[in-house]
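Have a look at the structure below before the remarks.
So that the names make sense, note that chain A is the first sequence line, chain B the second, and so on, each numbered from 1.
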Amino acid sequence: MTTRTLISPAQLGRPHARYVYWTVLALVLVLFTVVFLGPLYWMVTGGLKSTQEVVQSPPTLVPGSLHPETYSRAWEVMDLARLLFNTLYYAFGALAFQLVLDVAAAYSLSRLRPVFGRAILGMMLATLMIPATVLVVPQYLTVLDVPIVERNLLNSPWAIWLPSVTNAFNIFLLKRFFDSIPRELLDAASIDGASRVRTLWSVVLPISRPVLGVVSIFAVVGVWKDFLWPMLTLPDPTKQTLNVGIYSLASGVPENVLIAALTIASVPTLLIFLVFQRNIMSGLTAGGLKG
Amino acid sequence: MSAPTLSTSEQPEARIRRASGSRPRATSREAFLRALRHHLSAHSFLIGAVLCFSFFSWYPMVREFLLAFQKTEDGRTTWAGWDNLRTVFADPAFWQAWRGTLLFTGLALVLGFAVPFVVALVINEFRHAQAYLRLLVYLPVMLPPVASVLLFKYLYDPGYGLFNSILDTLHLPQQQWLQDPDTAMLSVVIAATWMNMGGATLIYLAALQAVPGELYEAAELDGAGLLRKIWHVTVPQTRLILSLMLLMQIIATMQVFTEPFLLTNGAGPEGSTTTVVYLIYQYAFNFNDYGAAAALGLVLLVLLAGFSAAYVRLSRTADDA
């Protein structure tokens with residue numbers, strides 16, 4: 001039995017209502033496909049059009065002549081290989097830092113309960129209340145000259161990796177999950193003489209796979225989607241991310257080359273989404289309620 | 001019920017105590033050392049994250065307050081008191097940026113708040129193709145912003161853009177979209193809604209699926225039509241999530257930067273798409289006036305603090321429920 005919604009099953013059972021149901025469904029399917037997939041179709045085919053065709057008015061729905069070489073031109077002219085590599089390097093570096101440091105912190109706060117643990121957690125959660133954009137300026141100044149160690153992190157991947165760890169929401173999500181692991185399981189491990197690192201590694205982490213998956217996907221996608229911070233901290237064109245690199249080169253290349261570049265830049269996150277859509281959607285609704 | 005679970009959870013601890021060989025009455029020195037060792041090792045797990053927070057979150061938070069009341073000239077930092085705030089308030093761009101931000105927030109609430117809810121209501125009614133519809137709505141969220149924004153720029157183009165040729169085939173007047181100060185902000189909001197509505201839609205869908213079906217049945221017995229059922233059953237049942245999402249959207253949209261920056265280079269025609277965060281960006285990175293940037297940031301912070309506090313209180317209620 002499916003849960004019932006606004007329209008009652010009895011109403012839907014009537015032959016006339018069935019006809020209406022399928023018509024409305026078909027209309028909604030077409031409308032949604034056009035609205036959400038249409039622009040993507042426009043992007044992929046725009047990259048296949050010739051330079052004249054792409055700025056022609058009225059625009060053509062199907063490319064008159066195919067120019068797949070536009071994609072290879074975009075790849076070379078905008079140095080997409082480098083931008084793609086940079087973005088991957090920043091994204092997976094940020095993922096590694098978040099997984100190691102945030103998991104360790106959440107484990108400690110949830111299971112080891114150090115002195116001042118509650119205060120530290122409170123201070124971490126308090127950062128969620130400060131609008132992120134307000135901190136961009138002082139964070140930028142910190143990156144220019146990190147106090148105590150006195151290093152300038154401009155143009156270095158550390159400027160992306162280290163601030164990505166300060167994700168209080170991740171720590172909160174992980175801590176809640178660790179809190180829910182039965183005590184007996186961890187006690188059994190410590191009776192067997194397992195150290196804390198070992199308990200974390202071979203008992204806690206294997207159970208936590210779903211939440212680790214969600215945190216990982218959002219970590220990678222977060223870096224992939226960020227714009228302002230990498231624009232400020234990575235001014236060197238050879239070190240830029242896809243977002244920043246394409247933006248700064250956008251006005252210098254023909255329209256069709258630019259659109260082809262946008263398509264290429266979109267492929268990795270779309271692939272991640274299509275592969276992990278179940279995890280992403282469940283993670284979103286699990287985390288959506290809590291701030 | 002609770003007594004046996006309590007005893008089983010205490011038992012292992014007693015066993016550990018015996019297993020580790022310590023006598024029940026350890027000397028206070030031993031106990032202290034053991035506690036010290038425990039806390040030191042617990043803190044060693046925390047240290048990495050705490051250092052990152054210290055440098056990139058907590059210190060910048062303190063610094064934001066200091067910067068707002070300081071002036072840096074020729075490398076010398078002096079106390080400026082309220083000067084920065086006065087500068088910011090006296091700037092005509094201040095009011096323009098607030099007008100832009102409130103216009104964006106207002107339009108984004110009409111579109112970005114209502115549209116995902118209606119879309120979720122519609123998707124929830126179908127017994128077929130739900131997975132496909134959910135997938136479609138979330139697809140744009142996964143695009144890098146530069147891709148969706150530049151794509152919309154191309155769709156909005158007054159010469160060869162798709163939107164104008166659609167208007168043309170419908171015999172409607174063509175628009176200047178991003179080039180016209182009257183429509184520029186609306187165009188930005190439409191693009192931003194398309195890019196970001198997926199997350200909200202999925203959260204609403206999850207909330208709708210938790211509405212008990214018997215309530216609809218009861219409403220039908222009372223002779224309620226579709227709209228009455230939505231108003232008297234769906235909305236009250238999803239009120240908590242609706243209010244949380246409303247607060248979250250206000251907080252997020254008042255900080256908008258990327259969309260207007262990429263679509264209209266920040267200011268837009270006649271400054272029509274200038275937002276507060278764009279002005280902060282300009283003070284800091286175009287005029288090198290970090291004091292003014294921080295002061296304006298502080299104004300934004302104070303205004304948003306109320307919404308943030310309400311959000312935290314409400315999400316605690318949601319947690320308890």
Side-chain angles (χ1 to χ4, degrees), chain A residues 3-8 25 28-29 32 36 39 43 55-59 101-102 104-105 107-108 112 114-115 124 127 129-131 133-135 137-139 142 146 162-163 165-166 183 187 191 224-225 227-228 242-243 246-247 250 262 265-266 269-270 273 277 281 284-285 288-291, chain B residues 9 12 16 19 39 42-43 45-46 48-49 52-53 55-57 59-61 63-64 67 122 124-126 128-129 133 135-137 139-140 142-147 150-151 159-160 162 165 199 202-203 206 213 216 220 229 255 257-258 277 284 290 293-294 297 300-301 304 308 311 315 318:
Chain A
T3 52
R4 67 145 298 176
T5 51
L6 276 171
I7 296 160
S8 71
L25 177 61
V28 167
L29 281 176
F32 276 49
F36 292 105
M43 187 164 77
V55 292
Q56 172 190 321
S57 173
L101 298 183
D102 286 351
Y107 176 66
S108 170
L112 310 179
V115 270
M124 286 175 171
T127 62
M129 298 198 28
I130 305 286
T133 49
V134 168
L135 290 186
V137 172
Q139 269 177 336
T142 306
V146 181
L162 295 180
V165 174
T166 64
R183 232 202 127 83
D187 287 339
I191 289 166
W224 214 275
K225 291 199 61 167
F227 177 77
L228 175 59
L242 275 167
N243 275 323
I246 291 179
Y247 163 72
L262 300 182
S266 306
T269 40
L270 285 183
F273 176 52
Q277 43 154 318
M281 289 185 178
L284 198 78
T285 39
L289 250 181
K290 286 99 195 172
Chain B
S9 68
I16 300 167
H39 288 298
H43 275 290
F45 279 85
L46 259 176
C52 285
F53 269 92
F55 282 122
F56 298 103
S57 214
Y59 171 63
M61 266 157 83
R63 195 148 180 210
E64 160 73 24
L67 274 174
V122 169
N124 196 39
E125 282 313 305
F126 294 120
H128 305 88
L133 291 173
L135 188 85
L136 277 183
V137 178
L139 216 51
M142 299 305 282
L143 294 178
V146 75
L150 294 182
L151 179 65
Y160 51 81
L162 180 67
S165 82
L202 295 191
I203 290 168
Y216 290 122
E220 274 156 22
K229 273 191 272 183
Q255 300 180 61
F257 173 82
T258 309
V277 177
Y290 296 116
L300 184 66
L301 178 88
L304 286 181
S308 294
Y311 183 85
S315 64

Taking all atoms of both residues into account, what is the closest heavy-atom pair of [X] and [Y], and its distance?
X       : Y       : value
L143(B) : T269(A) : CA-OG1, 4.4 Å
L150(B) : A250(A) : CD1-CB, 4.1 Å
V134(A) : G297(B) : CG2-O, 3.5 Å

Toward chain A, the part of [X] with a non-hydrogen atom under 4.5 Å:
X       : value
L67(B)  : side chain
A293(B) : side chain
F257(B) : side chain
E220(B) : side chain
Y216(B) : both

What part of [X] lies closer than 4.5 angstrom to a heavy atom of chain B: side chain, backbone, both or neither?
X       : answer
V146(A) : side chain
F32(A)  : both
F273(A) : both

From CA spacing to verdict: side chain to side chain contact (heavy atoms under 4.5 Å, CB included), F36(A), L139(B) = CA-CA 7 Å; F36(A) 292 105; L139(B) 216 51; 5.6 Å; no
Sub-3.5 Å donor-acceptor pair from the side chain of Q139(A) to the main-chain atoms of P60(B), do we have one?
->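 No, because the side chain of Q139(A) does not come within donor-acceptor range (under 3.5 Å) of the backbone of P60(B).
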Using modelled atom types only, decide if a donor and an acceptor are shared between the side chain of T5(A) and the backbone of E125(B) within a distance under 3.5 Å.
->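 No; judged by distance alone, with no hydrogens or angles, the pair does not exist.
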How would you list, by chain and number, every residue that makes a side-chain contact (heavy atoms from CB on, under 4.5 Å) with S108(A), sequence neighbours excluded?
->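 Per chain and number, S108(A) pairs via side-chain contact (heavy atoms from CB on, under 4.5 Å) with L112(A), P114(A), A42(B), F45(B), L46(B).
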If you tally heavy-atom pairs under 4.5 Å against chain B, which of L270(A), D102(A), L242(A), L162(A) wins?
->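 When all of L270(A), D102(A), L242(A), L162(A) are compared, L162(A) has the most.
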